[in-house]
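The structure under discussion appears below in the form of structure tokens.
In the text below, chain A, chain B and the rest are named by the order of the sequence lines, each starting its count at 1.
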Amino acid sequence: MLILRESYFIYVRNLKTWLAQPWMIVAAVLSSAFMFLFFGEPLRGITALPGFPADDYQAFLAAMVIVMAVVFSGSDMAMVLLTDMMSGYVDKLLLSPVNRFSILLGTLLIGGTRAMAQVLAIILVATAIGVRFEGGILGILGVIVGTTLLGVAMGCVGLIVAMRTRSVQVTVNSWLLFMPLAFLTSAFMPRDLLTGWFQVAVGLNPIEYIMVAVRAVIIEGWVWDSILPGIWILLATTAVLVGAATYEYRRATN
Amino acid sequence: MTNGPAVLVEGLGKTYPGGVRAVDRISFEVERGEFFGFLGPNGAGKTTTIKILATLLPKSEGRVEVAGLDVTRDPKAVRQAIGVALQEVGLDDLSKGRDFLELQGLLYGLSRAQARDRAAELLELVGLSSVADRRVGSYSGGMRRRIDLAGALMHNPGVLFLDEPTTGLDPQSRIAVWEHLEELNARGVTIFLTTQHMDEADRLCRRLAIIDHGRLVAEGSPAELKAGVGGDIVHVAFNADDSADDRVDAALAAVRDLPGIRQADIAERGLTATVSDGGAAAPAIMSAFQDANLSIANLSITRPSLDDVFLQHTGRQIRDSDADGDAEDRMWSQWMGVNRR
């Protein structure tokens, strides 16, 4: 229980630090709105393709906007952690008698919170431009829970990048690492309509299955055949990445 | 706290993974309630030592006990018993001063109410009550040191480790910090302080150790150390464009050959000589400079200061020594210490 108490204190501190930078939050929301605007409008005609599963392209795109925002939040988390390492604040925490894992937990939870807040904002934007969620309120809740978990997982990647490299140069550019995860997906059209090596690569990307699940909830409702693989892959990915981040963290803090 | 001295160090050594030997088998003790100064130039091993004592860095060999507890076997209990304020402090710029302190208290196990009261008390003590609800990032250098010091005191530690607490402060802020430290020590807190300022060490510390190139070169009270220099100090400031000038070498060699000269060194465009009798040696030193064709700008005879103690033991003045790779070390501390490749 002590670990939970300590993690909570560190979590609240991280939350305050985040809320103290309102422009970062505004930028995150704006970038999602721009996705709908800059991809949704010009690509609207894609829905006319034979075999395209949705009538409203914005609804199809919503899954991509949500998942991509969460994937890239891992890069933000890398920078957040690196900033604390460079300012010496991580040392300040390590000098205190708190459990090492409280510090880790307080950091991973903020990754989830940031992802959750961003997904919530995107859902509001999507609803405002007329996207209907076929999965209903429960579907929206499911998407929020799932993407929060994905935020924790991506935060782990960010954490590993920051701790391994300890370099501003690498960390600032760590979005490059997340780019293939986000774009080697059925972001713009369903996998059946993709071709060649791209289609193969998309099939190998775990994020794809999560995106497919989110999209199913939005445009079709509770189609378990599309949703379940996403859930399993999400759980497995999160478990592996949390394990890897814990290992890395233990190694770095001895 | 358990029994034993506040700090016990026996044969402590630290080699960084890259092979750099930062601390080389040093031993010393700090008694409970003592105000102890750990002196040395940048890169001498001060910061490495203090980080090992504070459990932030693992040692390579030797025995280290703080507050009667082994730092390797019982790091958590050591952390609870000590307060630490390191250089490049690791303040949380986006948090408010009061929040920063309260969180420190909570992390050391205080209840919310205790943390709130203690934070208010310490803000008063370090004179930051009026800016308590401003973000730490907006604080001046002196205010940052004071809030960091307050943070280290939140849980009432019996031993306080301070790494260069006044470096970079203006004179008034330095004196303010000194007064806080003296007051704490008077209340029974053991203080272990590193500094490169001899005046600071002289004013505050009851006992000192000087570290250079990872080894302890001297230890004792300021008075003992100064007495150990022996005799008087003659300082000659000369007019030369370049201390590497041949004439300077000639003058130095001549002075060293004079009777009654114990030691003579060149530093900062001046010559400092330790002599048994300053009045007797001065004329001979002046003529040595005349013979070398160097004009003298100023000559003084003084009793030894800690600067002279340092010069005697290390062959250079403390502020001659260049900044070293320690900056990086400070920035990354443990993260680098463990993983540097």
- [ ] Please report the shortest heavy-atom distance between A/L82 and A/A162, naming the atom on each side.
- [x] CD1-O, 3.9 Å
- [ ] With a 4.5 Å cut-off on heavy-atom pairs, point out which of B/D99, B/L106, B/I82, B/L94 contacts chain A the most.
- [x] B/L106
TODO: With a 4.5 Å cut-off on heavy-atom pairs, point out which of A/L95, A/V98, A/T17 contacts chain B the most.
DONE: A/L95
Task: Residue that, paired with A/T127, satisfies side-chain contact (heavy atoms from CB on, under 4.5 Å) out of A/V131, A/V125, A/L124, A/I123 - done: A/I123
- [ ] Could you tell me whether the side chain of B/F161 reaches within less than 4.5 Å of the side chain of B/V66, counting heavy atoms only?
- [x] yes
Open item on the list: I need the B/K14 NZ to B/L57 CG distance, nearest 0.5 Å.
Closed with: 4.5 Å
Task: Under 4.5 Å from a heavy atom of chain A, the part of B/D93 involved - done: neither
Task: B/L107 versus chain A, the contacting section by heavy-atom distance below 4.5 Å - done: both
